[in-house]
Amino acid sequence: MTGAPIEWITVPSPLPSGPLGVGVTGLGVAAVSFSPDVDPGGPAAPGAVRCTDRRRVAAVAGRFEEYFAGARRELDLPLDWRLATGPHRLVLETLYRTVPYGETVTYGRLAQRSGAFDQVAQSPGLAARAVGSMMAANPLPVLVPCHRVVASDGLGGFGGGRIGLDVKRWLLTLEGWLAPTLDWDGPG
DNA sequence: CGGACAGTCCACG
DNA sequence: CGTGGACTGTCCG
């Protein structure tokens with residue numbers, strides 16, 4: 001089947017990266033972009049369509065607003081998983097299903113838990129690295145909580161370079177896993 | 001205790 | 001197909 005077209009919504013956010021681009025289809029949210037102005041395939045790309053359904057726009061923006069304000073722990077939005085397939089999707093779904101708000105999992109543990117890798121026991125580092133690739137290619141950041149995946153000896157990485165890591169810190173601080181710092185401008 | 005290193009998985013060009 | 005990455009346990013100095 002040729003998937004339903006993605007329609008884009010711009011959602012205000014207190015993240016250091018600025019507003020989010022949220023791509024929706026009839027099935028649910030299919031994509032989230034931290035840099036909607038430059039993201040290839042994002043809302044600014046040629047041919048991209050904006051979502052004009054005010055009701056849907058309000059629903060999506062409202063959920064994110066509450067989450068960012070610390071008033072909501074689950075986004076509770078239906079997801080359209082079509083942009084991830086195979087082992088990639090299996091790992092993302094395992095993360096979505098098993099790692100709740102305020103908790104984290106290591107790259108290696110997620111690799112093991114997902115069952116997507118044969119050689120995990122022999123070379124845990126390789127599977128962990130593969131999981132890193134999959135997180136970097138997560139089409140649904142925030143909703144599929146790739147920010148809750150950390151390295152065994154630290155925070156690990158995040159897309160978007162230095163600013164990306166700031167986003168990861170911001171989200172983990174919001175969820176209470178990191179202690180607030182001086183540059184923290186969120187709730188609490 | 002900190003740094004280098006090999007391992008051979010996956011996404012993307 | 002080749003390349004490089006959001007890792008990790010082990011091994012040196």
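Any value given below was found using the heavy atoms of this structure, including those in side chains, with hydrogens, waters and symmetry copies removed.
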Spatial distance of atom CE (A/Met134) from atom OG (A/Ser114) [nearest 0.5 Å]: 7.0 Å
Worked verdict on A/Trp81 versus A/Tyr96 for ring-ring contact (aromatic ring centres under 6.0 Å, His included): CA-CA 11 Å; A/Trp81 292 90; A/Tyr96 181 72; 5.6 Å; yes
Expected output: side-chain A/Arg72 to main-chain A/Glu66 donor-acceptor under 3.5 Å: no
Note: A/Arg89-A/Glu93 ion pair, threshold 4.0 Å (strictly below): yes
Under 3.5 Å on both distances, the Watson-Crick or G-U partner of C/dT3: B/dA11
Reading 5' to 3' through nucleotides 6-13 of chain C, protein heavy-atom contacts under 4.0 Å coded B for base, S for sugar-phosphate only, - for none: BBSS----
Between C/dC1 and B/dT8 - C1' atom distance, rounded Å: 15 Å
A/Trp170 and A/Trp184 aromatic ring geometry - parallel, tilted or perpendicular at 30°/60° bounds: tilted
Basic-acidic side-chain contact under 4.0 Å: A/Arg148, A/Glu175: yes
Steps toward side chain to side chain donor-acceptor pair (under 3.5 Å) verdict (A/Gln112, A/Tyr107): CA-CA 9 Å; A/Gln112 184 181 26; A/Tyr107 293 95; over 6 Å; no
Leading and trailing nucleotides of DNA chain B with any atom under 4.0 Å from heavy atoms of chain A: B/dG7 to B/dC12
Ion pair A/Asp80/A/Arg82, N-O distance below 4.0 Å: yes
